[in-house]
Amino acid sequence: MPELPEVETVRRGLQPAMEGARFTHVEARRPDLRFPLPKDFVKRLEGQTVTGLGRRAKYLMADLSSGEVLIMHLGMSGSFHVSFDNEHPAKAPDPAPPLRGGRGAQASRREENSETLIGDFHYARGKLGGHDHVVFRMSSGATVTFNDPRRFGFMKLVERRKLDAEPMIASLGPEPLGNAFDAAALAAACNGKKTSIKAALLDQQIVAGLGNIYVCEALFRAGISPKRMASAVATRKGEPNERTEKLVAAIRDVLQDAIRQGGSSLRDHRRTDGELGYFQHHFRVYDREGEPCPGRCGGTIKRIVQSGRSTFYCPKCQK
DNA sequence: CAAAGTTCCTGCGAGC
DNA sequence: TGCTCGCAGGAACTTT
């Protein structure tokens, strides 16, 4: 699902379509996302140039020539679709599986079945067109559509200079792949936390961008039990220990691996259409309840529920 | 059904 | 002892 690697994959897919390009036409077809789009949403975008397309945690941020930033969040089911004029005529819906999650035209050209390796999520067969929430026509010749059936995603326009005052951005912890995130930082953030390390890593204020999947995977790679107290990743006074170092390295590794492979393409497992995702095949514990531990310890992957979310782990080698 | 991410609310415990 | 504050955990949101 859209965790950091997926959002980063989407960002890279949107870049050739949007960066340096101007919004020539914007449609808000269904303004009822998690937050309603502002009434002047279209007016504030049309004519503006995207000077840069960045990412903070799971948020996409498009810098606009107007001085505003378009913040976009995929929620749980949001996806972007990119097509270029010369490949997909805008009028007729493409009967082929549409590109979801935005690897852009290059991936689509390179791979026959782009559906399986886009860093995202749903390929909503038969739900294109009028059901897309937002459509951008760009001066690059690209049409970018945003579709989010569950509507937990949103788009928001904020003045760049007021970005630091934006609560959802300001409250974020360090980027896990950035320099600010190291053992000392993690230990300090976990110090005194009376909750599980699993819950702590899901807390975007401790480290920003992890979700349920990558927390499970990182804890497995670090050999740390998800049930361990968060404060135990640090010694007294919040000093890091060996466990902290391992965990930081594991988080970095799993995110980098996932980004390298274009993120995970999870969809509802009960659906029968199409392939399953891509990095999902590299999951070692997530959604692998009952399977043997890939670490050859002889253990079996277990599923437990922590603060209402599934946790997958190997009780034998995660201590 | 349960799954995804975030916000909000409640309840409990710690501390004064 | 009694109150307040903050944190932790759960519900809600939505859809298939």
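All values below were derived from every heavy atom in this structure, side-chain atoms included, with hydrogens, water molecules and symmetry-related copies excluded. Remember, it's a predicted structure, so these values are computed and weren't measured experimentally. Just so it is clear: chains get the letters A, B, ... in the order the sequence lines come, proteins before strands, and each one is counted from 1.
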Are M229(A) and L202(A) linked, directly or through intermediate hydrophobic residues, by side-chain heavy-atom contacts shorter than 4.5 Å (ILVMFWY only)?
no
Here's a test of your reading of the structure: between N212(A) and M168(A), which maps to the more 5' nucleotide of DNA chain B?
N212(A)
Is F152(A) stacked on the base of dC13(C), meaning ring centres closer than 5.5 Å and planes within 30 degrees of each other?
yes
In whole Å, what is the span from the CG atom of L172(A) to the P atom of dG5(B)?
14 Å
Which nucleotide in dG5(B), dA8(C), dT7(B) has an atom nearest any side-chain atom of K194(A):
dA8(C)
Options dG5(B), dT7(B), dT14(C), nucleotide nearest the side-chain atoms of K58(A):
dG5(B)
Hey, is the side chain of T195(A) poking within less than 4.0 Å of OP1 or OP2 on dG9(C), counting only N and O atoms?
yes
Using the P atom in both, what is the distance from dT14(C) to dC9(B), to the nearest Å?
15 Å
Do the side chains of L186(A) and I206(A) get nearer than 4.5 Å, heavy atoms only?
yes
State which of dG10(C), dA3(B), dG5(B) makes the closest approach to the side chain of S307(A).
dG10(C)
Does the dT14(C) base have a donor-acceptor partner in the side chain of R150(A) within less than 3.5 Å?
no
Give a yes/no on whether any side-chain N or O of K193(A) is located under 4.0 angstrom from OP1 or OP2 of dA8(C).
yes
Per nearest nucleotide of DNA chain B, the residue lying toward the 5' end, R34(A) or G308(A), is G308(A)
Integer-rounded Å distance: dA4(B) P and Q204(A) CD:
14 Å
Rounded to the nearest Å, what distance is computed from the CG atom of residue L4(A) to the P atom of nucleotide dA4(B)?
17 Å
